[in-house]
Amino acid sequence: MFGSTLAHPPQSGEGDGERDPWRACGLRLQSVVWLDMPAERWTAVDHYLADLLVGPDATLDAALSANAAAGLPPIDVSPTQGRLLQLLARLKGARSILEIGTLGGYSTIWLARALPDDGRLISLELDSAYAEVARANIARAGFSELVEQRVGPALESLQQLSAEGLRPFDLIFIDADKSTTPEYFEWALKLGRPGTLIIADNVVRRGELIDQESRDPSVRGMRTFVERLAEEPRVFATVIQTVGSKGYDGFAIALVTN
């Protein structure tokens, strides 16, 4: 678990800790003690922020209810994360968005809300049953004309998009099977352009990202993705850790630069 440190380091120049302020506290950076913080607190803070900054939203609530009724896994982004996606798309001035992984269309709706009336959003989903639930949710939200769904293996759909010669996407959101994220990232580079924003969800994997011995395909996929992100000269990127109602995870943001 993680939370707040037991002590703040003194400022540099205070006595013996001038060169190593943690040493003056009798601490080492490698052995800073963290206070346990229960997941219930993260969730409570998430709900507090969502109530204040997002507020009631009958359309999104209906989408989540429909997803649950259809038995879809409850792995949608949280309301505050959905608002972040919408905010990033608006900051980018996105007119075209590619989403890899529709699930029930909850994040699709958030992204579609950032688009102008003549924008376009293509969302890829492997499971046809999930896609049907998403189609109804997207229609209820009023985005049937704006959102195009494609059903089937994402790598095949991405290859087809490339073959169609569509203009590059302004924003690409990767939130599908984690073991294949490195390949999705490579396709995102092909389908983007300088200025395209690439966002990938569920990168940190409850901290398991740093376990180089992990045999979990999702962890291994994300480790490979982050390593490629670091090595790729065409992007300017970072990874942010997150906590909240969805637990401990994180996301990557990469700007295509050339």
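Only heavy atoms go into these numbers, but all of them, side chains included; no hydrogens, no water, no symmetry mates. Just so you know, residue 1 is the first one in the sequence shown, and it goes up from there.
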- Message: Using the side-chain hydrogen bond (donor to acceptor under 3.5 Å, both in side chains) criterion, which residues pair with Thr180? Sequence neighbours excluded.
- Response: Asp177
- Query: Does Asn202 reach the side chain of Ile75, with side-chain heavy atoms less than 4.5 Å apart?
  - Reply: no
- Does the side chain of Leu91 reach to within under 4.5 Å of the side chain of Leu197, using non-hydrogen atoms? no
Pairs of donor and acceptor atoms involving the side chains of residues 46-56, under 3.5 Å and at least two apart or interchain, shall be tabulated with distances.
unit_1	atom_1	unit_2	atom_2	d
Asp46	OD1	Thr80	OG1	3.0
Asp46	OD2	Ser245	N	2.7
Asp46	OD2	Ser245	OG	2.9

Considering only residues two or more places apart or on different chains, which pairs with a residue in [range] satisfy side-chain hydrogen bond (donor to acceptor under 3.5 Å, both in side chains)?
| range | answer |
| --- | --- |
| residues 120-129 | Glu99-Ser123, Thr102-Ser123 |
| residues 207-231 | Arg206-Glu208 |
| residues 52-64 | Asp57-Arg113 |
| residues 186-200 | Asp170-Arg193 |

- Item | Test salt bridge (Lys or Arg N to Asp or Glu O under 4.0 Å) applied to Arg95 - qualifying residues, sequence neighbours left out | Asp118
- Query: Taking only residues at least two apart or on different chains, which pairs with a member in residues 130-143 satisfy salt bridge (charged side-chain N to carboxylate O under 4.0 Å, His left out)?
  - Reply: Glu132-Arg135
- Item | Within residues 233-248 or reaching into it, pairs that qualify as salt bridge (charged side-chain N to carboxylate O under 4.0 Å, His left out) - sequence neighbours excluded | Glu232-Arg234
- Task: List in chain and number order the residues that pass ring-ring contact (aromatic ring centres under 6.0 Å, His included) with Phe169, two or more places apart in sequence or in another chain; answer none if no residue qualifies.
- Result: none
- Query: Mind checking what makes ring-ring contact (aromatic ring centres under 6.0 Å, His included) contact with Phe173, not counting sequence neighbours?
  - Reply: none
- Closest approach of Ala252 to Val203 (non-hydrogen atoms, all atoms of both residues): N-CG2, 3.8 Å
- Which heavy-atom pair separates Ala63 from Ile109 by the least distance, and what is that distance? CB-CD1, 4.2 Å
Give the table of side-chain donor-acceptor pairs shorter than 3.5 Å for residues 156-163, with sequence neighbours excluded, one pair per line with atom names and distance.
unit_1	atom_1	unit_2	atom_2	d
Ser157	OG	Pro153	O	3.4
Gln160	NE2	Glu164	OE2	3.2

